[in-house]
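First listed ligand is number 1; within each ligand, the first listed atom is number 1. Worth saying up front: this structure is predicted, and the values here are computed from it rather than measured.
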Amino acid sequence: MSDRTLLLAGNWKMNHDHLEAISSVQKLAWALEDAKLEEGSCEVVVIPPYTDIRSVQTLVQGDKLWLKYGAQDVSQHEPGAHTGEIAASFLSRLGCAYVVIGHSERRADNHETNEIVAAKIRAALSADLTPILCVGESLEQRQERTHIDFTLGQLEESLAGFGADELDGLVIAYEPVWAIGTGETATAADAAEMAAAIRARLVERYGDATAASTRILYGGSVKTDNVSEIVASADVDGALVGGASLSGPDFAALCKAAVAK
Ligand code: PGA
């Protein structure tokens with residue numbers, strides 16, 4: 001059993017305005033309490049749209065909630081003339097702990113390359129945000145059995161130029177594109193196979209200590225009834241959850257099931 005803390009992160013994507021966010025986080029906090037989940041048993045993170053973050057911060061600080069929050073993306077640039085962008089330093093001023101980088105929806109919709117992903121990771125680290133780096137193959141790549149090479153290639157290119165000392169505490173989310181929002185879930189064995197391959201590559205590139213401190217999540221149609229099987233694998237340290245994180249009580253039930261694995 002590893003000493004990595006189980007991480008359950010809810011990626012809301014473009015759902016919930018700031019008023020809905022307040023209600024969702026309140027209900028999540030109550031449901032976590034009812035489920036007797038306490039700080040230390042796991043880490044629970046919500047990842048709302050940018051426009052909700054200030055409201056979530058006020059609630060988390062005001063009610064001294066133990067859950068954490070983060071952002072779904074970040075600019076690779078320093079503050080300046082970049083219309084529509086959000087700097088990493090702004091997110092850390094808002095108390096964000098995490099930032100999702102390289103989600104497949106951004107890679108597809110916004111043409112984010114591994115090079116851009118690497119620049120965003122650098123920006124996040126310089127503002128003391130923990131990146132949740134997303135990698136994962138398409139259905140075609142899985143059918144061709146090139147999924148491991150492809151995913152490890154994304155990993156290597158997204159982390160190009162970083163030293164082991166910079167990556168301590170990194171989070172990697174393995175999210176097969178074909179399993180996102182489709183109701184199709186990779187089997188626990190598929191998730192375990194990829195997580196083990198990712199950790200082995202981290203050992204090769206960065207050494208045992210960095211690899212051991214990296215948490216590897218699985219994402220793609222994770223639900224209350226499949227999470228415990230998925231996080232039971234030694235190398236899977238939690239889940240990045242989309243649809244099933246939108247309702248506070250449902251997400252709390254999922255967290256409880258994960259902790260009880
Ligand atoms: P899903 O999304 O749980 O709705 O499949 C996961 C994700 O994209 O992070």
Check ligand 1 against [X] and write out every atom of the ligand that is under 4.0 Å from a heavy-atom position of the residue.
X	answer
S221	1 (P), 3 (O), 5 (O)
N11	9 (O)
G220	5 (O)

N or O contact, [X] vs ligand 1, cut-off under 3.5 Å:
X	answer
G243	yes
K13	yes
E105	no

Inset, instruction - Please determine which of V231, I230, V236 meets the side-chain contact (heavy atoms from CB on, under 4.5 Å) test together with S233. - result: V236
Inset, instruction - Check I47, T51, I53 against P49 for a side-chain contact (heavy atoms from CB on, under 4.5 Å) and give me the one that passes. - result: T51
Inset, instruction - Tell me, yes or no, whether the heavy-atom count around E78 atom CD, taken from other residues, nucleotides or ligands under 6.0 Å, exceeds 12. - result: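 No.
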Legend entry - E156 atom CD, neighbour heavy-atom count above 12 within 6.0 Å: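 Yes, enclosed.
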Legend entry - Heavy-atom pair with the smallest gap, counting every atom of R107 and S158: NH2-OG, 3.6 Å
Donor-acceptor pairs under 3.5 Å, side chain of residues 165-179 to any protein atom, not counting sequence neighbours: which ones?
from	atom 1	to	atom 2	distance (Å)
E166	OE1	G163	N	2.7
E166	OE2	R122	NH1	2.9
D168	OD1	S213	OG	3.0
Y174	OH	E137	OE1	2.9
Y174	OH	E137	OE2	3.0
Y174	OH	R142	NH2	3.1
E175	OE1	H103	NE2	3.2
W178	NE1	E137	OE2	3.0

Inset, instruction - Could you check atom 7 (C) of ligand 1 against the protein and tell me its nearest heavy-atom contact, residue, atom and distance included? - result: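 Minimum-distance protein heavy atom for atom 7 (C) of ligand 1 reads E175 OE2, 3.2 Å.
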Inset, instruction - Side-chain contact test, heavy atoms from C-beta onward, threshold under 4.5 Å: evaluate it for D73 versus V100 and give yes or no. - result: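 Counting from C-beta outward, D73 and V100 never come under 4.5 Å.
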Inset, instruction - Would you check whether K223 reaches within less than 4.0 Å of ligand 1, judged by its heavy atoms? - result: no
Inset, instruction - Return yes when A179 approaches ligand 1 closer than 4.0 angstrom through a heavy atom, no otherwise. - result: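 Under 4.0 Å: yes for A179.
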Legend entry - Shortest reach to atom 5 (O) of ligand 1 by a heavy atom, considering only G10, G181, G242: G181
Inset, instruction - Before accepting this row, confirm whether a basic side-chain N of the pair R199/D237 lies closer than 4.0 Å to the acidic partner's carboxylate O. - result: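 Here R199 pairs with D237 in a salt bridge, since their nearest N and O are under 4.0 Å apart.
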Legend entry - Which segment of S245 sits under 4.0 Å of ligand 1 when only heavy atoms are counted: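 It is neither; nothing of S245 touches ligand 1.
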